[in-house]
Amino acid sequence: QVQLAESGGGSVQAGGSLRLSCTVSGNSDSRIWMAWFRQAPGKEREGVAHIYTGENTEYYSESVKGRFTISVDNAKDTVYLQMRSLKPEDTAMYYCALDTRYGRYWSGLFNATKYASWGQGTQVTVSS
């Protein structure tokens, strides 16, 4: 059974940086989709960064492009989200997600309901 565990959240002032980590256990596939989603109170869960580990293909939402970077350390079974130039509107619960069923061209990769495995989330709070 695949399990995901996020860490690295916290409180930071606007303009600051944080790095989130998501450690994966129970997965043996080397070509999978991994993603970071976030959800603010009263809002829908939105995808911010996605990576296909087989080819390190990355996608970012327009709201974080140029500020956030997703990366994978296969030796540590960990995916990271480096967040820079944080803004108050980045405040949310951040979730790591994984799916092993789809290949490089997956039309559902931006849709939170399509991912099979999720972590419990880590809170990020950015103050102005």
Side-chain angles (χ1 to χ4, degrees):
Q1 183 179 359
V2 175
Q3 292 186 318
L4 309 176
E6 302 99 333
S7 62
S11 297
V12 64
Q13 288 191 330
S17 300
L18 282 173
R19 189 178 77 159
L20 306 183
S21 301
C22 174
T23 302
V24 181
S25 60
N27 172 62
S28 60
D29 292 336
S30 61
R31 300 168 72 88
I32 62 175
W33 279 103
M34 295 206 67
W36 287 95
F37 286 80
R38 68 186 181 187
Q39 189 167 20
K43 295 188 176 181
E44 292 187 356
R45 193 168 295 191
E46 65 165 338
V48 296
H50 310 258
I51 187 167
Y52 184 59
T53 62
E55 300 173 11
N56 282 342
T57 301
E58 303 168 20
Y59 295 99
Y60 298 91
S61 68
E62 287 299 320
S63 62
V64 308
K65 194 175 293 183
R67 300 188 298 122
F68 291 11
T69 303
I70 188 171
S71 61
V72 176
D73 185 333
N74 292 314
K76 296 182 179 180
D77 291 326
T78 300
V79 61
Y80 301 98
L81 184 69
Q82 178 67 54
M83 305 185 294
R84 298 181 176 89
S85 301
L86 282 162
K87 304 175 182 180
E89 51 263 44
D90 294 318
T91 295
M93 185 72 78
Y94 283 71
Y95 298 91
C96 177
L98 176 154
D99 204 287
T100 64
R101 299 169 293 173
Y102 304 100
R104 164 69 176 82
Y105 300 100
W106 179 26
S107 61
L109 72 97
F110 299 114
N111 188 337
T113 66
K114 302 295 186 182
Y115 282 78
S117 301
W118 290 87
Q120 294 300 306
T122 185
Q123 178 68 37
V124 172
T125 302
V126 184
S127 58
S128 57

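Below, all heavy atoms of this structure are taken into account, side chains as well, without hydrogens, waters or symmetry copies.
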Would you compute the distance between atom OG of Ser63 and atom CD of Glu89 and round it to the nearest 0.5 angstrom?
9.0 Å
So side-chain hydrogen bond (donor to acceptor under 3.5 Å, both in side chains) across residues 11-34, not counting sequence neighbours, yields Arg31-Glu55
Side chain to side chain donor-acceptor pair (under 3.5 Å) with Tyr94: which residues, sequence neighbours excluded?
Arg38
Taking atom CD1 of Ile70 and atom SG of Cys96, what is their separation to the nearest 0.5 Å?
7.5 Å
Less than 4.5 Å apart, side chain to side chain, heavy atoms only: is that true for Ile51 and Asn56?
yes
Please list, chain by chain and in numerical order, all residues satisfying side chain to side chain donor-acceptor pair (under 3.5 Å) with Asn111, sequence neighbours excluded.
Thr113
Should Val124 and Leu81 be counted in the same cluster of Ile, Leu, Val, Met, Phe, Trp and Tyr side chains packed under 4.5 Å apart?
yes
Residues forming a side chain to side chain donor-acceptor pair (under 3.5 Å) with Lys65, sequence neighbours excluded
Glu62
Please enumerate all residues that pass salt bridge (charged side-chain N to carboxylate O under 4.0 Å, His left out) together with Glu58, with sequence neighbours excluded.
none
Connecting only ILVMFWY residues whose side-chain heavy atoms lie within less than 4.5 Å of each other, what is the rest of Tyr80's hydrophobic cluster?
none
Euclidean distance, Trp36 CH2 relative to Tyr95 OH, rounded to 0.5 Å:
12.0 Å
Suppose we screen for side chain to side chain contact (heavy atoms under 4.5 Å, CB included). Which residues come up paired with Arg67, at least two apart in sequence or across chains?
Val64, Ser85, Lys87, Asp90
Sequence neighbours excluded, which residues qualify as ring-ring contact (aromatic ring centres under 6.0 Å, His included) partners of Tyr59?
Phe110
Do Leu98 and Tyr115 come within less than 4.5 Å of each other through their side chains, counting heavy atoms only?
no
Smallest heavy-atom separation, Ser128 atom then Ala14 atom, equals CA-CB, 4.3 Å
Heavy atoms only: give me the nearest Ala92-Gln123 pair and the separation to one decimal.
O-NE2, 3.4 Å
Contacts of Gln82 meeting side chain to side chain donor-acceptor pair (under 3.5 Å) (sequence neighbours excluded), chain-then-number -> none
Considering all heavy atoms, the nearest Gly121-Glu6 contact
N-OE1, 2.9 Å
Atom CG of Asp99 and atom NZ of Lys114: how far apart are they, to the nearest 0.5 Å?
10.5 Å
Connected via hydrophobic side-chain network under 4.5 Å: Phe68 and Leu20
yes
Would you say that Leu4 contacts Gln120 through its side chain, given a criterion of any heavy-atom pair below 4.5 Å between the two side chains?
no
By side chain to side chain contact (heavy atoms under 4.5 Å, CB included) - contacts of Val12 (at least two apart)
Leu18, Leu86, Val126
For Ala112, side chain to side chain contact (heavy atoms under 4.5 Å, CB included) partners two or more places apart:
Phe37, Arg45, Trp118
Going hydrophobic residue to hydrophobic residue with side-chain gaps under 4.5 angstrom, can you get from Ile32 over to Tyr102?
no
I'd like to know if the side chain of His50 reaches the main chain of Leu109, judged simply by a donor and an acceptor atom lying under 3.5 Å from each other, with no hydrogens or angles considered.
yes
Do any pairs count as a disulfide (SG to SG under 2.5 Å) and have a residue in residues 99-128, sequence neighbours left out, and if so which ones?
none
Side-chain heavy-atom pair Val24, Thr78 within 4.5 angstrom cut-off
no
